[in-house]
Amino acid sequence: MPLATLRQVLDEAAKGGYGVGAFNVNNMEQLQGIVGAAEEVQAPVIVQCSRGALSYAGANYIRHMIMAAAEDSSIPIVLHLDHGDKPETCFMAIDLGFTSVMMDGSLLADGKTPSDYEYNVDVTRQVVEAAHAKGVSVEGELGTLGGIEDGHGSGEVHLTDPDQAVDFVEQTGVDALAVAIGTSHGAYKFTAKPTGDVLAMNLIEEIHQKLPETHMVMHGSSSVPPELVERINNAGGKLESTFGVPVEEIQQGIRHGVRKVNVDTDGRLAITAALRETLNANPSEFDPRAFFKPAREAQKQVCMDRMQQFGAAGHAGDYTVLSLEEMKTRYAGSPVSA
Ligand code: G3H
Ligand code: 13P
Ligand code: ZN
């Protein structure tokens with residue numbers, strides 16, 4: 001089936017009251033694990049590529065791989081650019097056939113320095129105008145995540161201001177809004193299980209009250225399961241004690257308008273645990289397929305768990321995927337359009 005757009009998939013998720021997992025992909029095994037999971041539990045899915053993924057795999061190469069996965073599949077699959085650093089990167093992704101892009105104007109193009117509000121509105125609006133003219137969806141970000149370990153973050157946390165969020169959505173016309181509520185990317189998010197004052201779930205409720213029609217996005221939403229950390233360390237790894245975002249908090253967010261939930265680290269941990277264990281248990285094995293098959297299965301398992309926990313399982317067949325042409329018509333005449 002053709003690729004779906006973020007806008008349609010999140011509109012449907014809002015109707016059904018569930019969240020859709022957005023999983024990062026860098027190689028074939030991750031992609032097959034993610035799409036295999038979505039097929040098995042019949043969930044719509046967002047497959048997202050960071051700039052790091054595009055440079056690791058090759059932008060043209062990876063987009064063909066994802067398009068092939070969608071062609072062979074009967075579930076809605078969105079091809080999304082994660083953390084576009086500047087409008088040109090988003091335009092390049094749109095030209096490659098991405099059906100959704102994130103313009104992360106919360107940071108300057110270096111991906112580190114927090115930007116000012118006017119800059120964020122300006123670059124995001126430029127991307128929305130160009131994207132909507134082609135039926136492509138746009139995610140923006142307001143506020144900054146903590147953590148710099150993966151290169152997407154300033155290290156400073158600036159929580160999203162609900163009143164500014166209202167103005168931002170109005171001025172930019174974004175389809176989805178990433179909010180900063182105290183999460184960060186990577187495995188080392190919290191040194192103890194986060195409580196209400198560490199994770200500002202109240203902001204999500206407040207933004208949802210002010211912007212009931214806006215789909216919110218939670219970045220840095222890996223749960224960092226302790227059993228995966230333990231398996232990695234038991235198999236020779238050296239990860240420090242750490243806490244992720246509890247699934248119950250994400251579920252609370254979903255009850256209040258979170259529709260896209262970004263998960264990368266949990267897949268990385270699952271793959272690493274499987275690889276370490278398989279390599280240790282089979283020291284004479286040298287066929288890469290013997291290692292990558294359990295790694296692919298591990299990615300699939302963690303994705304199936306999240307799809308079920310976010311409530312998306314069973315919803316893949318609820319609707320017919322709209323083409324970019326149809327989405328283009330829907331956008332024509334909206335306040336922010338080309
Ligand atoms: O947003 C962060 C994702 O985890 C992607 O990370 O830039 O290392 O591919 P990456
Ligand atoms: P995690 O590092 O928590 O998986 O977050 C991924 C993410 O937000 C990608 O944009
Ligand atoms: Zn992110």
Side-chain angles (χ1 to χ4, degrees), residues 6 19-27 30-31 33-34 45-59 62 66 78-85 89-90 93 98 100-107 109-112 138-155 157-158 160 176-190 194 198-199 216-225 228-229 239 242-247 249-250 253 258-272 298-299 302-303 305-307 309-310:
L6 185 72
V20 183
F23 302 100
N24 288 72
V25 69
N26 297 273
N27 65 16
Q30 282 184 307
L31 177 63
I34 297 163
V45 67
I46 300 156
V47 174
Q48 55 187 11
C49 300
S50 67
R51 281 175 295 120
L54 298 181
S55 97
Y56 172 78
I62 200 164
I66 297 167
V78 178
L79 171 51
H80 177 78
L81 172 72
D82 191 25
H83 292 282
D85 58 338
T89 309
C90 297
F98 281 58
S100 177
V101 293
M102 177 184 189
M103 175 62 239
D104 183 356
S106 70
L107 302 173
D110 65 3
K112 290 183 178 64
V138 181
E139 173 186 339
E141 175 164 329
L142 192 60
T144 57
L145 307 183
I148 46 169
E149 70 176 35
D150 65 352
H152 305 281
S154 61
V157 184
H158 296 281
T160 307
L177 178 70
V179 292
I181 55 157
T183 65
S184 56
H185 291 128
Y188 300 107
K189 300 183 194 301
F190 308 110
V198 176
L199 211 49
M216 274 180 280
V217 184
M218 266 176 77
H219 281 247
S221 292
S222 277
S223 298
V224 193
L228 288 180
V229 174
L239 297 183
T242 175
F243 289 80
V245 181
V247 167
E249 300 292 341
I250 299 170
V258 169
R259 299 290 163 230
K260 175 174 182 273
V261 187
N262 283 16
V263 176
D264 183 4
T265 298
D266 283 352
R268 296 180 182 198
L269 292 170
I271 286 176
T272 302
Q299 172 86 58
V302 88
C303 292
D305 290 347
R306 297 296 172 271
M307 289 164 181
Q309 290 157 337
F310 302 161

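Note that ligands are numbered from 1 as they come in the structure, with each ligand's atoms numbered from 1 the same way. What you are looking at is a predicted structure, and each value in this text was computed from that prediction instead of being measured.
- Checked against a 3.5 angstrom limit, the closest N/O atoms of Asn26 and ligand 1 fall outside it.
- Each of the atoms 1 (O) of ligand 1 lies under 4.0 Å from some heavy atom of His83.
- No part of Ala22 comes within 4.0 Å of ligand 2, judged by heavy-atom distances.
- Within His219, the N, O or S atom lying nearest to the Zn ion (ligand 3) carries the name ND1.
- No donor-acceptor distance shorter than 3.5 angstrom exists from the side chain of Ser221 to the backbone of Val261, with no hydrogens or angles considered.
- Short contacts between ligand 2 and His83, defined as distances under 4.0 Å to a heavy atom of the residue, involve ligand atoms 10 (O).
- Within the 3.5 Å criterion, the main-chain N or O of Asp85 finds no donor-acceptor partner in the side chain of Asp104.
- Residue Asn24 approaches ligand 1 through these ligand atoms, each under 4.0 Å from one of its heavy atoms: 3 (C), 5 (C).
- Among the atoms of Asn24, none of the N or O lies under 3.5 angstrom from an N or O of ligand 2.
- A donor-acceptor distance shorter than 3.5 angstrom exists from the side chain of Ser50 to the backbone of Gly52, with no hydrogens or angles considered.
- Counting the atoms of ligand 1 from 1 in the order shown, those under 4.0 Å from a heavy atom of Asp264 are 3 (C), 4 (O), 5 (C), 6 (O).
- Near Gly186, with a cut-off below 4.0 Å to any heavy atom, the atoms of ligand 2 are 2 (O).
- Contacts between Asp82 and ligand 1, counted as non-hydrogen atom pairs separated by less than 4.0 Å, involve the side chain only.
- Each of Leu177, Asn262, Val258 was compared with Val217 under the side-chain contact (heavy atoms from CB on, under 4.5 Å) criterion, and only Asn262 meets it.
- Judged by the shortest distance from any of its heavy atoms, Arg268 lies outside the 4.0 Å radius around the atoms of ligand 2.
- Residues Leu199 and Val245 have side chains in contact (heavy-atom distance under 4.5 Å, counting atoms from C-beta outward).
- Near Lys189, meaning under 4.0 Å from one of its heavy atoms, ligand 2 places the atoms 1 (P), 2 (O), 3 (O).
- Judged by distance alone, the side chain of Thr160 and the main-chain N or O of Leu142 form a donor-acceptor pair under 3.5 Å.
- Not a single heavy atom of Met102 lies less than 4.0 angstrom from ligand 1.
- Side-chain contact annotation: His83 with Glu139, donor-acceptor N/O pair under 3.5 Å absent.
- Counting the atoms of ligand 2 from 1 in the order shown, those under 4.0 Å from a heavy atom of His219 are 8 (O), 10 (O).
- Checking Asp266, Leu269, Asp264 against atom 4 (O) of ligand 2, the nearest heavy atom belongs to Asp264.
- Looking only at distances, no side-chain donor or acceptor of Ser223 sits under 3.5 Å from a matching main-chain atom of Gly244.
- Rounding to 10 degrees gives 100° for the angle at the Zn ion (ligand 3) between NE2 of His185 and NE2 of His83.
- Looking at Ser184 next to ligand 2, no N or O pair under 3.5 Å apart turns up.
- Close approach to Gly220 involves these atoms of ligand 2, each under 4.0 Å from a residue heavy atom: 1 (P), 3 (O), 5 (O), 7 (C), 8 (O).
- Residue-to-ligand polar distances place Ser222 within reach of ligand 2: an N/O pair is separated by less than 3.5 Å.
- Under a 4.0 Å criterion applied to the non-hydrogen atoms of Val263, ligand 2 contributes the atoms 4 (O).
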